[in-house]
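Okay, so here's the structure we're looking at.
In what follows, every heavy atom counts, from backbone to side chain, and hydrogens, waters and symmetry copies are set aside. In what follows, chains carry the letters A, B, and so on, assigned in the order in which the sequence lines appear, proteins first and then strands, with residues in each chain numbered from 1.
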Amino acid sequence: MAKLPLSFYQNIEVNQLAVQLLGKRLYTCVNGVLTGGIIVETEAYKGVEDKASHAYGGRFTDRTRVMYEQGGLSYVYLCYGIHHLFNVVTAPQGIPHAVLIRGLEPVEGLDVMQERRNMPVLKPNLTAGPGALAKAMGIDRGLNAKDLGGDEIWIEDKGLSFNDDEIVSSPRVGVDYAGDHALLPWRYYVKGNRFVSKPNS
DNA sequence: CGTAAGATTGCCT
DNA sequence: GGCAATCTTACGT
C-alpha cells in the first residue's frame, strides 16, 4: 500500500490538488467489506471565496468545523436528505478548502457496490456522480471527519497519472451571469472516461 | 431520445 | 421556514 502522506493534503492550491487527485485510488472498508476505485472526477471548493462552499464567507458551524481542520480528513455530509457527498479536506488548519469527489471508476468490490446501489447489472453510472459513488462505497455520516490515512477510508497512489491533455477542466454549469468568478474552471475530469458524471464532448 | 418533477432530512456567522 | 455541492423515475416526442 502507498497511502498518500499527510503532506500531500497541505497544498493551499486546491485546484492543483484536485487535479493531482485524479487517478488516485479511493478505498473504504465498511463492515469489513473492502471497496475501492480510481478517482476520475473532482471539484475544488475554495472555502471562503467560493459561494457554493459551506464555508463561504467564513461560515463556521458544527458541520463545517471539519473543513477548517488540517488537510487529510474526510468531510461527509448529507444533501437533499438522501445523498451523501464525500469531500477531501485540504490545506493547513484554519483554511476551509476541500475537494469534492464526483466520479469514480470502480475497481474493488464491484459486486458489493452493485448490491448497495441495487443495480444487478453493471452500468457506467454505478459510481458517476457524488451521491451515487458515496452510496456505492458505503459512505455515510459515520465516515465523517476520518483520517484518510486510517483503515476505514483512505487514498492510495498507485502511480497512475494523466497527461494534461487527458484532463479537462470546466466551469460550473449555469453560472454565466455571475461574472468573472463564474468562469473559473473548478471542475476537473478525465477525458473520455465512462464514469464521469457528465457526457464529455 | 430529452426534459421535468419528486424524494426527504439536516442545517441555519 | 426555506434551502441545499443530487439521483431516479416517468412521461412526451
Side-chain angles (χ1 to χ4, degrees), chain A residues 14-15 17-19 21-22 26 35 37 39-69 71 73-91 93-106 113-146 148 153 168-178 181-189 193-201:
Chain A
V14 261
N15 292 326
L17 218 93
V19 171
L21 279 172
L22 293 175
L26 173 68
T35 49
I39 298 170
V40 295
E41 186 179 359
T42 60
E43 189 164 318
Y45 279 84
K46 235 178 188 175
V48 178
E49 308 166 33
D50 187 356
K51 272 189 185 165
S53 170
H54 291 153
Y56 173 64
R59 273 187 299 233
F60 187 88
T61 66
D62 282 343
R63 183 176 55 152
T64 60
R65 175 169 289 120
V66 199
M67 300 181 77
Y68 290 83
E69 291 297 321
L73 295 174
S74 65
Y75 172 45
V76 179
Y77 94 103
L78 191 60
C79 180
Y80 284 79
I82 331 177
H83 304 292
H84 296 278
L85 273 61
F86 170 67
N87 301 251
V88 176
V89 176
T90 70
Q93 186 170 20
I95 304 175
H97 289 180
V99 176
L100 171 67
I101 309 299
R102 297 184 51 90
L104 199 76
E105 181 173 335
M113 292 195 198
Q114 290 177 224
E115 198 179 310
R116 288 207 269 242
R117 298 242 24 223
N118 207 5
M119 273 187 184
V121 185
L122 178 60
K123 284 189 288 184
N125 65 349
L126 176 68
T127 52
L133 80 85
K135 188 169 181 187
M137 300 284 288
I139 295 172
D140 62 14
R141 299 279 318 297
L143 286 177
N144 189 32
K146 294 289 183 189
L148 291 177
I153 179 165
V168 183
S169 61
S170 65
R172 286 175 224 226
V173 191
V175 285
D176 314 333
Y177 56 87
H181 257 230
L183 298 177
L184 293 172
W186 284 340
R187 177 171 301 175
Y188 304 92
Y189 59 90
N193 191 287
R194 301 193 310 288
F195 296 94
V196 172
S197 66
K198 234 176 61 171
N200 24 81
S201 71

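Using a 5.5 Å limit on the distance between ring centres and a 30° limit on the angle between planes, the aromatic ring of A:Y45 counts as stacked on the six-membered base ring of C:dA5.
For A:L85, the side-chain atoms get nearest to C:dA5 when compared with the rest of C:dA5, C:dC7, B:dT9. Comparing C:dA5, B:dT13, B:dT8 against the side chain of A:I82 picks out B:dT8 as the nearest.
Counting heavy atoms from C-beta outward, A:Y188 and A:E41 have side chains that stay 4.5 Å or more apart. Counting only heavy atoms from C-beta outward, the side chains of A:V66 and A:N144 approach each other to under 4.5 Å. A:T35 places a side-chain heavy atom less than 4.5 Å from the side chain of A:R116.
Counting only distance, with no hydrogens or angles, the side chain of A:S74 and the backbone of A:L143 share a donor-acceptor pair below 3.5 Å. Without hydrogens or angle criteria, A:Q114 side chain to A:P120 main chain gives a donor-acceptor distance under 3.5 Å. A donor-acceptor contact shorter than 3.5 Å is absent between the side chain of A:D50 and the backbone of A:Y45.
A straight line from CD1 of A:I101 to C1' of C:dT6 spans 16 Å, rounded to a whole angstrom. Rounded to whole angstrom, the span from the OH atom of A:Y75 across to the P atom of B:dG10 amounts to 14 Å. In this structure, NE2 of A:H84 is placed 13 Å from P of C:dC7, rounded to the nearest angstrom. If you measure from atom OH of A:Y56 to atom C1' of C:dC3, you get 17 Å, rounded to the nearest angstrom. Regarding A:Y77, its OH atom lies at a distance of 11 Å from the P atom of B:dC11, rounded to whole Å. Rounded to an integer number of Å, the gap from CG of A:L100 to C1' of C:dT6 is 11 Å. When the C1' atom of C:dC3 is taken as reference, atom CG of A:L78 falls 14 Å away, rounded to whole Å. Computed from coordinates, the A:R59 CZ to B:dG10 P distance equals 19 Å when rounded to whole Å.
Remark on DNA chain B: of its neighbouring residues A:G81 and A:T61, the 5'-side contact belongs to A:G81, judged by nearest-heavy-atom nucleotide. Between A:Y80 and A:R63, the residue anchored closer to the 5' end of DNA chain B is A:Y80, taking for each the nucleotide with the nearest heavy atom.
Ring to ring, A:Y77 and A:H54 are close: their centroids are under 6.0 angstrom apart.
Within 4.0 Å of A:G58, counting heavy atoms only, lies no atom of the nucleic acid at all.
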Base-pair string, DNA chain C, Watson-Crick plus G-U, cut-off 3.5 Å on both distances, | for inter-strand, is ||||.|||||||.
